[in-house]
Amino acid sequence: QVQLVEFGGGLVQAGGSLRLSCTASGRTFTSYSMGWFRQAPGKEREFVAAISRSGVNTNYVDSVKGRFTISRDNAKNTVHLQMNSLKPEDTAVYYCAADQTLYEHTIVIFTASYDYWGQGTQVTVSS
């Protein structure tokens, strides 16, 4: 079992920045590929970004490429999502997720592949 807690959400104007963080407790953090997902009202949960166990490989949904950056600090059991140039369409509840993977450079982009989820943090971008 691994427990995930997100924080850092809030209200920001369009063009602004937020940094989300997710802290993991429980089993060895370095065993898990990590991902960020989001869910807007009335929409399905969608993939945002993922990072491998090693931190070497990352992947982003096209709509956030060049604006969001995922990173991890394995010494602190934490994964971050730096969000710049925010747009109103980025408004959603953001979730952190963990998937135990065999290979250290594997990234996981499918919602159904993730075993553990945080409770979510609200991000609201005003126009």
Side-chain angles (χ1 to χ4, degrees):
Q1 284 275 351
V2 62
Q3 293 79 41
L4 304 172
V5 178
E6 305 100 332
F7 51 97
L11 173 64
V12 63
Q13 288 189 332
S17 298
L18 281 175
R19 188 191 195 207
L20 304 183
S21 298
C22 170
T23 300
S25 60
R27 291 191 174 179
T28 307
F29 182 65
T30 51
S31 298
Y32 295 90
S33 297
M34 301 297 295
W36 285 97
F37 291 76
R38 65 187 179 187
Q39 188 166 17
K43 295 188 177 181
E44 292 188 354
R45 191 170 298 187
E46 68 167 349
F47 167 77
V48 176
I51 189 166
S52 61
R53 288 167 47 196
S54 64
V56 169
N57 292 329
T58 59
N59 194 289
Y60 301 89
V61 67
D62 286 346
S63 60
V64 308
K65 284 180 180 177
R67 300 189 297 123
F68 290 12
T69 302
I70 188 171
S71 62
R72 66 189 293 161
D73 184 342
N74 287 339
K76 296 183 179 180
N77 290 3
T78 302
V79 60
H80 304 286
L81 185 68
Q82 178 66 45
M83 306 185 295
N84 299 329
S85 303
L86 282 161
K87 304 176 181 180
E89 51 263 43
D90 294 319
T91 296
V93 177
Y94 283 71
Y95 297 90
C96 170
D99 181 37
Q100 192 168 16
T101 52
L102 181 61
Y103 300 107
E104 65 176 339
H105 300 312
T106 299
I107 51 174
V108 183
I109 65 171
F110 298 108
T111 308
S113 297
Y114 282 88
D115 300 314
Y116 302 101
W117 294 83
Q119 81 289 349
T121 185
Q122 177 70 47
V123 171
T124 303
V125 185
S126 62
S127 57

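In this chain, residues are counted from 1 in sequence order.
- Side chains of Ser54 and Ser52: a donor-acceptor N/O pair is present below 3.5 angstrom, by distance only.
- How far CD of Glu46 is from OG of Ser63: 5.5 Å, rounded to the nearest 0.5 Å.
- Looking at Asp99, Thr101, Asn57 one by one, the single match for side chain to side chain donor-acceptor pair (under 3.5 Å) with Ser33 turns out to be Thr101.
- A salt bridge between Asp90 and Lys87 is absent, with no side-chain N of the basic residue lying under 4.0 Å from a carboxylate O of the acidic one.
- At distances below 3.5 Å, not a single donor-acceptor pair connects side-chain atoms of Tyr95 with backbone N or O atoms of Gln39.
- Smallest separation of non-hydrogen atoms from Val2 and Ala98: CG1-CB, 4.2 Å.
- Scanning both residues, Leu20 and Tyr94, for their nearest heavy atoms gives CD1-CB, 3.5 Å.
- For Thr91 (side chain) and Val125 (main-chain N/O), a donor-acceptor pair under 3.5 Å exists by modelled atom type.
- Taken together through direct or relayed side-chain contacts under 4.5 Å among Ile, Leu, Val, Met, Phe, Trp and Tyr, Tyr116 and Phe110 form part of one hydrophobic cluster.
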>> Does Met34 form a side chain to side chain contact (heavy atoms under 4.5 Å, CB included) with Leu4? I'd like the steps, not just the answer.
In response: CA-CA 11 Å; Met34 301 297 295; Leu4 304 172; 4.0 Å; yes
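- Residues Tyr103 and Arg53 approach most closely at C-NH1, 3.5 Å, considering heavy atoms.
- Closest approach of Asn77 and Phe29 over heavy atoms only: OD1-CB, 3.3 Å.
- Gln82 places no side-chain N or O within 3.5 Å of a backbone atom of Thr69 that could act as its donor or acceptor partner.
- Under a 3.5 Å cut-off, the side chain of Glu6 and the backbone N or O of Gln119 do form a donor-acceptor pair.
- Formation of a donor-acceptor pair under 3.5 Å by the Tyr114 side chain with backbone atoms of Val108 is found in this model.
- For the atom pair Leu81 CG and Phe68 CZ, the distance stands at 6.0 Å (nearest 0.5 Å).
- With sequence neighbours excluded, the residues that form a side-chain hydrogen bond (donor to acceptor under 3.5 Å, both in side chains) with Gln3 are Ser25.
- In this structure, CD on Gln1 lies 9.5 Å from CG on Asp115, to the nearest 0.5 angstrom.
- Between Val79 and Trp36, some side-chain heavy-atom pair lies under the 4.5 Å cut-off.
- Arg67 places a side-chain N or O within donor-acceptor distance of the main-chain N or O of Ser85, the cut-off being under 3.5 Å.
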Can you give me every donor-acceptor pair (side chain of residues 8-19, partner residue at least two apart or in another chain, under 3.5 Å) with its distance?
from  : atom 1 : to    : atom 2 : distance (Å)
Ser17 : OG     : Asn84 : OD1    : 2.9
Arg19 : NH2    : His80 : NE2    : 3.4

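- Every residue two or more places apart in sequence or in another chain that forms a side chain to side chain contact (heavy atoms under 4.5 Å, CB included) with Asn59 is listed here: Phe47, Ile107, Ile109.
- Taking each heavy atom of Arg72 and Tyr32 in turn, the nearest pair found is NH1-O, 2.9 Å.
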